[in-house]
Number of protein chains: 2
Amino acid sequence: MTVAVLCGGVGAARYLRGLLDVVEPCEVVAIVNTADDTVMHGLYISPDLDTITYTLAGAIDPDRGWGLCNETWTAMAALQRFDSVRPAGSRSGESWFGLGDQDLATHFYRTSRLAEGASLSMVTAEIAAAWGLRLTMLPMTDQRVSTIVSVPGLGELSFQEYFVREHHGVAVDGVRFDGAAEAALTVEASHDLRGASAVVIALPGFDAMLAARRDSVVAVSPIIGGAALKGPADRMLAELGMEVSAVGVARLYAPIAGTLVIDQVDAALAPRVEALGMRCVVVDTIMKSPAVSAALARTTLRAAQGASS
Amino acid sequence: MTVAVLCGGVGAARYLRGLLDVVEPCEVVAIVNTADDTVMHGLYISPDLDTITYTLAGAIDPDRGWGLCNETWTAMAALQRFDSVRPAGSRSGESWFGLGDQDLATHFYRTSRLAEGASLSMVTAEIAAAWGLRLTMLPMTDQRVSTIVSVPGLGELSFQEYFVREHHGVAVDGVRFDGAAEAALTVEASHDLRGASAVVIALPGFDAMLAARRDSVVAVSPIIGGAALKGPADRMLAELGMEVSAVGVARLYAPIAGTLVIDQVDAALAPRVEALGMRCVVVDTIMKSPAVSAALARTTLRAAQGASS
């Protein structure tokens, strides 16, 4: 059995850590969001790939949830020297996107390999191996896809400008995925996209492929008790006119996932989820410990296997 | 009076420091070699510009002669993780070119500004201002020129591969300047190229311009007592079939410089330099202290002015 997980950042990383407690690493394929990738200082940066890699390697900073533990910030601090000379309109040398000194090595290696002509898939496999990971890690695509967030008054921002620079503290009136129409799932991702899946992001190729085997696709609601555990997902849903609840999530996932896992605080919403044509599983989804992550992983696997058996 | 100095790395930086002790910074234009620039980890690196900037800012590491003092090397150390996964033929993640954590900020800023469309001249002025320098600093050209060193058995190497990676410990049978035929002096460099000059490198545009006002061009011999003070200039001259002495240097500079300054240990060579049609000035040229640098600066200025008055 291969378990394919379509995943984003911090939450997905914790889910994967739990999954690896209950499934052999060689049976797990993580297909990771790259729509929030960015270029800073000439360096190609894949925040979700790195968060997952560092988390599974046991090297993530547990307090921040991103970046390496025991990190230093010398290069970022030295950038401040250029604040006084940066011309109007230039974004060079800005330090709002924190890159730790150790973390930089990952971006150096990835940027240089891409410049040598390697695909992001190849580089991702090399970086995972360098960190001793034994699962299969794949970017969702080798092409560039960029989440573009539209903010009244500020115009269009890259996801990292919205999320990190603006601390997702501004209202959003649109989201689009630049390049998504032209982007293709990698051959490896298409090949491995079988087994149970926790869907975190939708890409055109994903939608069709998941809809065709919807019964064994399991999604985990990121909205718990009407709010996102972390980040701006709740406000973004509201700003885009959607219901901020597990039911709103169910409406988005119903076409591609047969099962929605919701938190126990939302147990009363299960009938409304089921009315949308999804099975609904109610458990603890707040992964505050490895044990909860592992239990959630077991639940999602059972849901996917139960449905397909 | 404007003093234009055509300069390279460590020696030129020390010369400039001396010059700034005897001439107002607003009267000094440093036109700096960029033929040894390189791209590492996706970052555009200008070693001579940085050595001069850091030296004049009083921030250079005095023992190494390059890079910043009180530097840390966290990012470089972290690169070693990728040694085990780098595919054959890839040079990604190699750490033989030392980039300190503070120093990285300079490369980040330069790389990002160039990507925004700024010229290297503009970025160089901004970086010099950020470090509080008051002289005018210009790259010799805004186009890319690359020193390519031919080494039997290893093929063609970039200058940094030859100089740093191979510790200039391999014999050279050719040197060419890739892109030099197409490169143009910047408008600013052409404009400022008057006054005395210590010539360190020759670029096509330089040669013609200097030959036309050869009388007030002063060169300082980098060969002292038959050897280079630092680096491979002596061996490179020998390997390329030239005499390794101040006389060999005089043969190279005679078409473009009216005066050659040689070290006092080479005093006996003065008649042979003069036989090549150059004036010869004999002084202490080993800049082991700021006082020697300043004295050498005075000597070169006097030579240039004496000749042109």
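So you know, we letter chains A, B, ... as the sequences are listed, proteins then strands, and number each from 1. Values below: all heavy atoms of this structure, side chains included; hydrogens, waters and symmetry mates excluded.
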A:Leu43 and B:Leu43, any side-chain heavy atoms less than 4.5 Å apart:
yes
Value for CD (B:Glu71) from OG1 (A:Thr74), rounded to nearest 0.5 Å, stands at 8.0 Å
Heavy atoms of B:Ala105 and A:Phe82 approach each other most closely as O-CE1, 3.6 Å
Please tell me if the side chains of B:Trp73 and A:Asp101 come closer than 4.5 Å, counting only heavy atoms from C-beta onward.
no
If I measure from the heavy atoms of chain B, does A:Thr106 come under 4.5 Å with its side chain, its backbone, both, or neither?
both
Please examine the side chains of B:Leu104 and A:Leu104, heavy atoms only from C-beta on, and report whether any two atoms are closer than 4.5 Å.
yes
Who are the ring pair (Phe, Tyr, Trp, His ring centres under 6.0 Å) partners of B:Tyr54, not counting sequence neighbours?
B:Trp131
Would you mind checking which part of A:Ala129 comes under 4.5 Å of any heavy atom in chain B, side chain (CB onward), backbone (N, CA, C, O), both or neither?
both
If we define contacts as heavy-atom pairs under 4.5 Å, which of B:Ala78, B:Gly93, B:Ser90 has the most with chain A?
B:Ser90
Sub-4.5 Å side-chain heavy-atom contact between A:Ser112 and B:Glu94
no
With a 4.5 angstrom heavy-atom cut-off, which part of B:Leu68 approaches chain A: side chain, backbone, both or neither?
neither
Shortest non-hydrogen pair, A:Tyr109 vs B:Pro87, comes out as OH-CD, 3.6 Å
Between A:Met76 and chain B, which part of the residue has a heavy atom less than 4.5 Å away: side chain, backbone, both or neither?
side chain
I'd like to verify something: which residue of B:Glu116, B:Glu126, B:Gln102 has the highest number of heavy-atom pairs under 4.5 Å with chain A?
B:Glu116
Of the listed A:Thr111, A:Asp103, A:Leu79, the one with the largest count of heavy-atom pairs under 4.5 Å with chain B is A:Leu79
Take atom CZ of B:Arg64 as the centre, draw a 6.0 Å sphere, and report whether it contains more than 12 heavy atoms from other residues, nucleotides or ligands.
yes
With a 4.5 angstrom heavy-atom cut-off, is it the side chain or the backbone of A:Leu114 that approaches chain B, or both, or neither?
neither
Heavy-atom distances under 4.5 Å only: say whether A:Arg110 touches chain B with side chain, backbone, both or neither.
neither
Applying side chain to side chain contact (heavy atoms under 4.5 Å, CB included), can you list everything that pairs with A:Ser293, at least two apart in sequence or on another chain?
A:Arg14, A:Met287
May I ask you to check whether over 12 heavy atoms, not counting those of A:Glu156, lie within 6.0 Å of atom CD?
yes
Would you indicate whether the side-chain heavy atoms of B:Met40 and A:Phe108 approach each other to under 4.5 Å?
no
Nearest 0.5 Å, please: how far is NE2 in A:His107 from NE2 in B:His41?
13.0 Å
